[in-house]
Amino acid sequence: MKDVNLKRLKDCMKRAEAGEELTIGFLGGSITQGSLATTMENTYAYRVFTWWKQTFPKANVHYVNGGIGGTTSHYGVSRAVTDVLMYQPDFVVVDFSVNDEADIFFQETYEGVVRKLLSWDSKPAVVLLNNVFYDTGLNAQEYHNEVGNWYQVPHVSVRDTIYQRMKAGEYIREELTPDGLHPNDKGHKLVAEEIEKFLESVKAELEVEEKEPVFPKAMTENAYENAKRLTIREISPKLCGFHADTEEKTGHLDHFKNGWIGKKAGDSIHFEVTASCIAVQYRKTIQLPAARAELVLDGDKEKAILLDGNFDEDWGDCLYLEKVLHHGEKKIHTVDITILPEEVTDTTPFYLMSLIIA
């Protein structure tokens with residue numbers, strides 16, 4: 001790990017020692033959400049939260065988990081406020097290292113997440129977490145950690161620690177994860193211990209003074225820092241056959257709510273948005289066959305994009321995010337989505353969750 005600035009984290013620990021109120025937050029994908037742990041208390045996130053409570057017993061510590069399975073930092077940057085930051089966190093662990101591809105696009109969206117966290121009014125201390133595919137050792141940490149180094153934000157890597165110990169024969173894969181990705185209880189415990197080791201090392205040098213961190217200019221083109229997610233709460237598109245979902249959303253894990261539903265061939269929905277980057281988020285479902293739709297940007301039917309509601313995995317419905325425009329001209333763009341005709345009539349309706357614009 002290159003030079004990091006620990007002032008925010010040390011200040012947070014000093015406040016905890018003084019008995020102040022703290023909010024400990026987590027933002028990420030399914031591992032952060034707690035997938036394959038038997039109980040919430042056995043997840044890495046809750047174990048790290050428990051470390052804060054036990055280490056600083058005078059503090060009143062609160063827990064916020066903004067993990068959503070199968071999601072990237074592209075979605076994460078658009079929901080960081082509503083799922084974590086609005087609770088004014090003092091400390092945030094962020095991990096999209098196994099959902100983001102290892103490329104410059106996701107480096108840019110990831111930087112958007114990091115900048116949004118660091119610039120928030122509560123000035124949270126941020127730690128980057130790099131989980132891993134245990135069968136291959138793959139993740140996006142090289143791209144993500146370049147961002148961390150740019151902002152002097154510390155990172156904890158499962159690939160560099162637990163995964164290496166597994167390769168050396170200390171564990172077999174099945175001890176840690178049944179599917180090669182999501183940790184079981186033992187795996188979550190080991191992930192938490194790596195974060196806790198880092199936190200303990202910081203606490204041991206709490207009195208060593210740190211300089212005030214400098215917030216640098218962006219490393220990438222950084223089009224996504226102020227990304228917005230548009231649902232029925234934020235935008236009223238023109239509906240022709242589509243209808244707005246009237247069911248009440250009960251929480252951030254109640255995914256397929258606040259969107260629009262298309263059922264019949266020819267049903268359409270029309271948006272006008274000002275942006276240079278546009279993506280649409282829709283449901284890919286295991287309830288086959290599912291309706292498909294066609295998306296046309298700015299009336300250019302020759303470059304129409306297929307939105308296929310059929311999901312070829314079996315683990316559950318997917319919050320699929322389709323990139324439509326990336327670093328385009330910042331102007332008013334039109335987005336038209338139309339349900340396609342199918343050979344079968346009894347299809348699962350097409351569910352459009354949101355537009356994400358930047």
Side-chain angles (χ1 to χ4, degrees), residues 1-9 12 25-29 31-32 45 48 66-68 71-81 83-85 89-120 122-133 137-161 163 191 194-195 198-199 202 210-228 276-277 279 321 323 326-327 356 358:
M1 194 184 303
K2 294 186 178 181
D3 290 341
V4 297
N5 189 295
L6 301 174
K7 180 170 175 54
R8 285 193 181 191
L9 185 51
C12 184
F26 300 84
L27 181 65
I31 298 174
T32 297
V48 171
I68 296 180
T71 63
T72 65
S73 61
H74 187 186
Y75 182 25
V77 67
S78 75
R79 65 181 182 86
V81 172
D83 291 352
V84 175
L85 288 175
D90 303 280
F91 172 82
V92 178
V93 174
V94 59
D95 174 32
F96 292 102
S97 53
V98 292
N99 288 349
D100 280 4
E101 298 291 333
D103 61 31
I104 58 174
F105 172 77
F106 284 109
Q107 185 174 61
E108 182 176 350
T109 60
Y110 188 78
E111 182 179 29
V113 173
V114 172
R115 286 182 68 88
K116 184 161 278 190
L117 294 175
L118 292 176
S119 61
W120 196 248
S122 63
K123 296 185 177 179
V126 176
V127 172
L128 312 183
L129 175 63
N130 308 129
N131 273 293
V132 70
F133 286 94
L138 296 177
N139 65 11
Q141 76 175 45
E142 291 180 13
Y143 286 87
H144 287 181
N145 289 351
E146 281 185 11
V147 173
N149 293 339
W150 186 262
Y151 293 92
Q152 296 186 291
V153 172
H155 35 85
V156 174
S157 171
V158 173
R159 189 176 83 178
D160 295 345
T161 55
Y163 175 72
V191 173
E194 291 303 321
I195 299 171
F198 167 69
L199 295 175
V202 176
E210 299 277 341
K211 294 180 181 179
E212 192 70 35
V214 175
F215 193 60
K217 66 179 183 180
M219 186 183 84
T220 69
E221 291 191 51
N222 191 40
Y224 292 88
E225 179 181 352
N226 296 311
K228 296 179 181 178
S276 63
C277 302
L321 195 54
K323 186 167 56 178
H326 176 57
H327 293 165
I356 294 178

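You'll find the side chain of F96 stays beyond 4.5 Å of the side chain of T32, heavy atoms only. Between L129 and V158, the closest side-chain pair of non-hydrogen atoms falls below 4.5 Å. When side chains are defined from C-beta on, V214 does not count as touching Q152, because their heavy atoms never get closer than 4.5 Å. Looking at I68 and D83, their side chains come closer than 4.5 Å, going by heavy atoms from C-beta outward. By the 4.5 Å heavy-atom criterion applied to side chains, H327 and S276 are not counted as neighbours.
Partners of D95 by side-chain hydrogen bond (donor to acceptor under 3.5 Å, both in side chains), not counting sequence neighbours, listed by chain and number: S97, N131. N99 meets the side chain to side chain contact (heavy atoms under 4.5 Å, CB included) test with T72; sequence neighbours excluded. Contacts of D90 classified as salt bridge (Lys or Arg N to Asp or Glu O under 4.0 Å), with partners at least two apart in sequence or in another chain: R15. Qualifying ring pair (Phe, Tyr, Trp, His ring centres under 6.0 Å) partners for H326, counting only residues two or more places apart in sequence or in other chains: F105, Y224. Scored by the salt bridge (Lys or Arg N to Asp or Glu O under 4.0 Å) test, R159 finds E142 as partners (sequence neighbours excluded). Taking the side-chain hydrogen bond (donor to acceptor under 3.5 Å, both in side chains) definition, one finds that Y151 meets it with E111, R115, sequence neighbours left out. Every residue was checked against the side-chain hydrogen bond (donor to acceptor under 3.5 Å, both in side chains) condition with Y75, not counting sequence neighbours, and none meets it. The ring pair (Phe, Tyr, Trp, His ring centres under 6.0 Å) search around Y110 returns H144, not counting sequence neighbours. Residues meeting the side chain to side chain contact (heavy atoms under 4.5 Å, CB included) test with K7, sequence neighbours left out: N5, D11, E210, E212, P213. Considering only residues two or more places apart in sequence or on other chains, N222 meets the side-chain hydrogen bond (donor to acceptor under 3.5 Å, both in side chains) condition with E225.
When all heavy atoms of P89 and V84 are compared, the pair lying nearest together is CD-O, 3.6 Å. When all heavy atoms of V126 and P154 are compared, the pair lying nearest together is O-CD, 3.5 Å. Residues V132 and V98 come closest through the heavy atom pair N-CG1, 3.4 Å. The two atoms that bring F198 and L9 nearest to each other are CE2-CD2, 3.7 Å, heavy atoms only. Contact detail for A223 and A358: the closest heavy-atom pair is O-CB, 3.1 Å. The minimum heavy-atom distance between A140 and E101, with the atom names listed, is CB-O, 3.9 Å.
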Step by step, would you call F91 with V127 a side chain to side chain contact (heavy atoms under 4.5 Å, CB included)? CA-CA 8 Å; F91 172 82; V127 172; 3.7 Å; yes

So H155 and V4, side chain to side chain contact (heavy atoms under 4.5 Å, CB included) or not? Walk me through it. CA-CA 9 Å; H155 35 85; V4 297; 5.7 Å; no

When you look at V153 and L117, which way does the side chain to side chain contact (heavy atoms under 4.5 Å, CB included) test go after all the steps? CA-CA 11 Å; V153 172; L117 294 175; over 6 Å; no

I'd like to know whether K228 forms a side chain to side chain contact (heavy atoms under 4.5 Å, CB included) with S78, so could you lay out the CA-CA distance, the side-chain angles of the two residues, the decisive distance to 0.1 Å, and finally the verdict. CA-CA 5 Å; K228 296 179 181 178; S78 75; over 6 Å; no

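A distance-only check finds no donor-acceptor pair linking the side chain of E194 to the backbone of V156 [under 3.5 Å]. Put simply, the side chain of R79 gets close to the backbone of G66: a donor and an acceptor are under 3.5 Å apart.
With values rounded to the nearest 0.5 angstrom, Q107 atom CD is found 10.0 Å from N145 atom CG. Taken from CD in E108 to OG1 in T220, the straight-line distance is 4.5 Å, to the nearest 0.5 Å. One distance of note links CD of E221 with SG of C277; it measures 9.0 Å at 0.5 Å rounding. Here the straight-line distance linking atom CD of Q141 with atom CG of D100 works out to 13.0 Å at 0.5 Å rounding.
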